[in-house]
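Just so it is clear, the values below take in all heavy atoms, side chains as well, and ignore hydrogens, waters and symmetry mates.
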Amino acid sequence: MTRVFLSRIKKKCLKLGYRSYDLIMDTDKYIKYRYYANGYHNPSYHFEKDQICFIHIPKTAGTSFAELLKKDPQQRFIHLNIHKPVSEYCSPGDYKYVTILRDPVERVWSYYWMVLRNPKGYPYRKYAVRGLSPFLDKCWAARNIACRYISGNVDAEPDEATLQKAKQNLERFYAVLSFKDFSRDATDFLSRHDIPFEEIPYERKANYPQPD
């Protein structure tokens, strides 16, 4: 009972501390803390070799694909409701990964407008309303998140070594789908894995202006 009480006090202190620091320094420490506390963006996990891990890079039709994978009669797919990078314990090639790739400029632009559409208090919205440049500067998830997720190195700013690691891992992925050809690629993947479906949905699809 005492341990539970102390844990709650610790969480409240961390929450207050991060929020206060962010207010003074204009940083995003509380946002990152909240995500990590809920298991998001964390590479510290294990899974079985007969399972298939879905690496859901935000704004790549991942929600639509996850809903389709949930219909798998064999229940082989994991991480369908959470964003996680490649595991630090389960290397591609030895373990099965599937992901969807999207043109990075299109992905970031879509992410930017998604944040703007949400109400006050949504992660990174206070930066997005200032403009695209402040958003890119403050939101780490808008800076090479595919390299971060596929390399498994989420926290450090990506560099050439991160890119090469991501390329090596991607070559060993079980399957890589294209956002541009999502309907075709998803249909092919589901058919090959005997997963029933009636149509390929596009969850959270939205209209927004194109960049000039």
Side-chain angles (χ1 to χ4, degrees), residues 28 31-32 35-36 38-45 47 52-69 77-116 123-124 127-128 132-133 135-186 188-189 202-206 208 210-211:
D28 63 345
I31 298 173
K32 289 182 177 179
Y35 276 135
Y36 274 67
N38 291 323
Y40 285 78
H41 313 308
N42 190 344
S44 298
Y45 64 89
F47 63 99
I52 303 173
C53 181
F54 177 41
I55 302 300
H56 181 180
I57 300 170
K59 305 309 295 177
T60 60
T63 301
S64 298
F65 193 49
E67 289 302 312
L68 293 166
L69 296 181
F77 299 90
I78 65 168
H79 296 165
L80 300 181
N81 295 315
I82 194 169
H83 298 290
K84 280 186 178 290
V86 164
S87 167
E88 60 183 325
Y89 304 113
C90 306
S91 60
D94 296 323
Y95 292 82
K96 296 177 181 178
Y97 291 92
V98 59
T99 194
I100 305 168
L101 293 185
R102 183 178 185 179
D103 178 280
V105 173
E106 291 181 0
R107 192 202 73 82
V108 170
W109 187 248
S110 174
Y111 186 46
Y112 171 64
W113 280 96
M114 179 199 71
V115 173
L116 281 176
Y124 298 105
Y127 301 118
L132 180 60
S133 292
F135 175 72
L136 296 177
D137 181 53
K138 296 293 185 179
C139 180
W140 69 270
R143 299 193 302 273
N144 297 302
I145 195 172
C147 281
R148 295 176 193 260
Y149 261 44
I150 296 170
S151 69
N153 188 0
V154 176
D155 294 324
E157 286 298 314
D159 55 17
E160 186 65 26
T162 313
L163 175 61
Q164 294 306 318
K165 179 63 175 178
K167 284 183 176 180
Q168 291 172 10
N169 282 346
L170 196 63
E171 289 175 354
R172 300 182 178 95
F173 263 40
Y174 179 70
V176 179
L177 282 68
S178 166
F179 177 87
K180 183 178 180 180
D181 299 311
F182 175 66
S183 181
R184 182 200 67 189
D185 288 0
D188 178 66
F189 186 90
Y202 278 87
E203 303 289 343
R204 299 185 181 179
K205 186 176 181 180
Y208 48 83
Q210 296 301 307

Which heavy atom of Cys147 sits nearest a heavy atom of Thr162, and at what distance?
-> O-CG2, 3.9 Å
Does His83 reach the main-chain N or O of His56 with its side chain, forming a donor-acceptor pair under 3.5 Å?
-> yes
Please list all pairs passing the salt bridge (Lys or Arg N to Asp or Glu O under 4.0 Å) test where one or both residues lie in residues 56-67, with sequence neighbours left out.
-> Glu67-Lys70
Does any non-hydrogen side-chain atom of Asn42 lie less than 4.5 Å from one of Lys84?
-> yes
Taking only residues at least two apart or on different chains, which pairs with a member in residues 139-165 satisfy salt bridge (Lys or Arg N to Asp or Glu O under 4.0 Å)?
-> Arg143-Glu157, Arg148-Glu157
Test side chain to side chain contact (heavy atoms under 4.5 Å, CB included) applied to Trp140 and Ile145, step by step = CA-CA 8 Å; Trp140 69 270; Ile145 195 172; 4.2 Å; yes
Going from OG on Ser178 to CG on Leu101, what distance comes out if it is rounded to the nearest 0.5 angstrom?
-> 8.0 Å
Taking only residues two or more places apart in sequence, or in another chain, which ones meet Tyr124 in a ring pair (Phe, Tyr, Trp, His ring centres under 6.0 Å)?
-> none
For Ala128, check side-chain contact (heavy atoms from CB on, under 4.5 Å) against everything at least two apart and list the hits.
-> Tyr112, Val115, Leu116, Phe135
Nearest non-hydrogen partners of Cys90 and Tyr45, listed with the distance = SG-O, 4.2 Å
Could you grab the distance from atom CG of Asn81 to atom OG1 of Thr63, nearest 0.5 Å is fine?
-> 9.0 Å
How about Phe65 and Leu80: do any of their side-chain heavy atoms sit closer than 4.5 Å?
-> no
Could you pull out the closest heavy-atom pair between Leu177 and Val98, with the gap in Å?
-> CD1-CG2, 3.9 Å
Provide the full list of salt bridge (Lys or Arg N to Asp or Glu O under 4.0 Å) pairs with a residue in residues 88-107, sequence neighbours left out, each pair given once.
-> none
Looking at Phe47 versus Tyr97, is the centre-to-centre ring distance below 6.0 Å?
-> yes
Kindly indicate, with the supporting measurements, whether the criterion side chain to side chain contact (heavy atoms under 4.5 Å, CB included) is fulfilled by Tyr111 and Met114.
-> CA-CA 5 Å; Tyr111 186 46; Met114 179 199 71; 3.4 Å; yes
Identify the two heavy atoms, one from Ile78 and one from Cys53, that lie closest to each other, and give their separation to 0.1 Å.
-> CG1-CA, 3.6 Å
With a 4.5 Å heavy-atom cut-off, do Tyr89 and Tyr95 have their side chains touching?
-> no
In this structure, CZ of Phe189 is separated from CD1 of Ile100 (nearest 0.5 Å) by 9.5 Å
Show every donor-acceptor pair shorter than 3.5 Å between a side-chain atom in residues 166-175 and any protein atom, with sequence neighbours excluded, or say none if there are none.
from: Asn169; atom 1: ND2; to: Ile150; atom 2: O; distance (Å): 2.8
from: Arg172; atom 1: NH1; to: Gln168; atom 2: O; distance (Å): 3.1
from: Tyr174; atom 1: OH; to: His193; atom 2: NE2; distance (Å): 2.7

According to the interplanar angle, ranging from 0 to 90°, do the rings of His41 and Tyr36 count as parallel (below 30°), tilted (30 to 60°) or perpendicular (above 60°)?
-> tilted
